[in-house]
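Bear in mind the structure is a predicted one, so any value in this text is a computation, not a measurement. Below, read A as the first sequence line, B as the second, and so on, with proteins coming before strands; counting in each chain starts at 1.
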Amino acid sequence: MPLPRPFFERPTLQVARDLLGQRLVRRETSGKRTSGWITETEAYIGPQDLACHARAGRTVRNAAMWGAAGHAYVYFTYGMHWCLNLVTQADGFPAAVLLRGLLAAEGRSRMLRRRRMPAESVGLLNGPAKLCQALGIDGSLDGHDLCRSGARLWVEPWLDLPDSAVTLGPRVGLNKVPEPWKSLPWRFRVSPLLLANCDD
DNA sequence: CGCCAGATCCACT
DNA sequence: GTGGATCTGGCGG
């Protein structure tokens with residue numbers, strides 16, 4: 001059962017926090033599943049957030065972020081990478097959660113193959129572009145409804161983590177973004193100690 | 001280990 | 001024409 005739309009309609013920081021420990025599931029045309037537990041997220045909230053793609057208003061690229069919660073916002077960057085966001089809050093307000101890291105759950109060998117990595121390797125899903133490549137997520141899923149039955153991509157409830165298992169920090173890769181946006185603690189991670197025994 | 005250049009597109013200015 | 005919510009491999013300490 002996918003997480004329902006009301007989960008995503010809440011404040012973005014809450015959604016980013018609560019997505020940790022839940023499971024992102026991708027169903028391919030073959031019907032096969034690949035999935036992973038969410039270990040790292042970032043919140044991007046509104047036109048005034050100067051790190052958010054919506055800072056310059058609504059564009060073709062960021063249109064999905066302005067739409068209803070519970071949809072995917074998938075964008076292309078650096079000439080070769082896709083990144084996945086989950087749209088939050090009210091229809092008409094641009095906000096989303098960037099997924100930055102997963103722990104492999106189902107379909108590890110297929111994910112390794114898509115990433116062209118040998119078996120036994122680490123670093124399979126620890127990055128926003130890596131997890132998209134591993135799960136086969138690209139621009140064709142931009143605007144995809146994660147809450148509809150028959151979705152190709154959705155989030156399943158799994159673990160509810162206590163606050164003691166969550167670490168906050170500044171968002172990553174915001175080189176030219178001015179303060180205070182650059183340093184706001186809007187990055188959420190499952191505490192590294194809890195993942196110390198886990199490979200990807 | 002850490003630092004950094006190069007890869008490689010496309011939406012936006 | 002520009003530069004990015006990134007990744008990888010190469011190089012030096």
query = For A/L98, which contact category applies under a 4.0 Å heavy-atom criterion: base, sugar-phosphate, or nothing?
reply =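 The residue A/L98 makes base contact.
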
task = Please work out if A/A51 contacts a base, only the sugar-phosphate, or nothing of the nucleic acid, heavy-atom cut-off 4.0 Å.
result =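 The residue A/A51 makes base contact.
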
Close aromatic pair by centroid cut-off 6.0 Å: A/H53 and A/Y75 =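 Ring centroids of A/H53 and A/Y75 are less than 6.0 Å from each other.
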
ask   = Do A/R10 and A/F7 meet the cation-pi criteria used here (NZ or CZ under 6.0 Å from the six-membered ring centre, within 45° of the axis)?
value =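 Yes, a cation-pi geometry holds between A/R10 and A/F7.
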
request  = Flag this pair as yes if the NZ/CZ of A/R171 is under 6.0 angstrom from the six-membered ring centre of A/Y44 and inside a 45 degree cone about the axis; otherwise no.
outcome  =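 Checked: cation-pi criterion met.
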
message = Are more than 12 heavy atoms, taken from residues, nucleotides or ligands other than A/E179, located less than 6.0 Å from that residue's CD atom?
response =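 Correct, the count exceeds 12.
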
message = I want to check one thing: is the phosphate of C/dA5, taken as OP1 and OP2, less than 4.0 Å away from some side-chain N or O of A/K176?
response =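 No, because none of the side-chain N or O atoms of A/K176 sits under 4.0 Å from OP1 or OP2 of C/dA5.
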
Specify the separation, in whole Å, of atom [atom1] of [X] and atom [atom2] of [N].
| X | N | atom1 | atom2 | value |
| --- | --- | --- | --- | --- |
| A/R116 | C/dT8 | CZ | C1' | 14 Å |
| A/M80 | B/dA5 | CE | C1' | 12 Å |
| A/H53 | C/dA5 | NE2 | C1' | 5 Å |
| A/L125 | C/dT6 | CG | C1' | 15 Å |
| A/F76 | C/dC7 | CZ | C1' | 13 Å |
| A/N85 | C/dA5 | CG | P | 11 Å |
| A/R61 | C/dG3 | CZ | P | 15 Å |
| A/Y78 | B/dA5 | OH | P | 14 Å |

Considering only side-chain heavy atoms of [X], which listed nucleotide, [options], is closest?
| X | options | answer |
| --- | --- | --- |
| A/C83 | B/dA11, C/dT6, C/dT8 | C/dT6 |
| A/A56 | B/dC12, B/dT13, C/dA5 | B/dT13 |
| A/V60 | B/dC12, C/dT6, C/dT8 | B/dC12 |
| A/C52 | C/dA5, B/dA11, C/dC7 | C/dA5 |

inquiry  = For A/G79 and A/N126, find the nucleotide of DNA chain C closest to each by heavy atoms; which residue's nucleotide sits nearer the 5' end?
reply    =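 Mapping each residue to its closest nucleotide by heavy atoms, the 5'-most match is A/G79.
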
task = Can you see which heavy atom on A/K182 is nearest to which on A/P170, and at what distance?
result =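 So the minimum-distance heavy-atom pair works out to O-CB, 4.0 Å.
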
request  = Could you please name the partner base of B/dG6, counting Watson-Crick and G-U wobble pairs only when both distances are under 3.5 Å?
outcome  =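 B/dG6 is paired, partner C/dC7.
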
